[in-house]
Amino acid sequence: MLTADYHVHSISPDAKVPMEDMCRAAVERGLTELAVTDHYEFYAHGVHREFFHEEYLKRCWDSLERCRQQFRGRLTIRRGMEFGQLHLCREEAFSIIQKYPFDYLIGSVHKIENVDLSRMEYTERTVPQIVESYYRNLIELSAYGEFDCIGHLDLVKRHLVKHGFEVKQELCRDYMDEVLGNVIARGKGIEINTSGFRQGVGEAMPGPETLKRYRELGGTIVTVGSDAHRPQDVAADLSAAEMMLREAGFPEISFYERRQRIPGCKVE
Ligand SMILES: [Zn+2]
Ligand SMILES: [Zn+2]
């Protein structure tokens, strides 16, 4: 049984739940390990957003330390962060990582040219461009980003499905191979993000096909995260993720401490 959730939000702008509530939910679900990975977004063209600044980072860090104390002996809480578009601001990312010694970093692509994927207009005309830009950004991130695992690899499919578009896996296969190749060559990993199950996609992000391909190309490093923004979603669908891992031939998932991979949970 998987007893770790490596992707949850608390005080991120789109969550705003006390970190304690997320940790309590993790204990109630029988988890032994939780990586709290609040958002930090980077922007293109020198743009900065009010929310993501030093004060916010400090607030995240202080909450993490407080929860680590409070739940000591009951739950291992990893200091995580989900960096969005970190390939766009490599120096800024580096200085944050220097200042805050995180245990685990997720690298994600949420935005293209500073517009969130959730706010784009999906039409017959725009969809091919959006998909291509998404994967071009993901290739950049996988090649140059300072992360441990890539978050929700094929996130764009969630928005396609939501807007009634078919997900044509075959069109993305070459891009995905390049991303996976970069991840493997750099000794990094991917996550299975189970939020796809509860957001209408009907499968995790990535789905089983991509997970198998990752294995085929030599990938071994995987974490599993619910991407919960509310306590009731903590640890959601971990058993479905475990089944995917078993079928794709992964014997275990990874844990992280101070950005070093340590033995994690066995896949049963
Ligand atoms: Zn994300
Ligand atoms: Zn997230």
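Numbering of ligands and ligand atoms starts at 1, following listing order. Hydrogens, waters and symmetry mates are skipped; everything else that's a heavy atom, side chains included, is used.
For Y6 and Y104, the gap between ring centers is short of 6.0 Å.
The minimum distance between the Zn ion (ligand 1) and any N, O or S atom of H110 involves atom NE2.
Remark: side-chain polar atoms of D154 are not paired, donor with acceptor, to backbone N or O of M205 under 3.5 angstrom. Under a 3.5 Å cut-off, the side chain of Y214 and the backbone N or O of I221 do form a donor-acceptor pair. Side-chain atoms of D38 come within 3.5 Å of backbone atoms of I11 as a donor-acceptor pair (strictly under, hydrogens ignored).
A donor-acceptor contact under 3.5 angstrom links the side chains of E82 and S108, judged on distance only.
Hydrophobic clustering of Ile, Leu, Val, Met, Phe, Trp and Tyr side chains at less than 4.5 Å, counting indirect connections, unites V109 with V47.
Each protein N/O/S atom under 2.8 Å from the Zn ion (ligand 2) was counted, for a total of 4.
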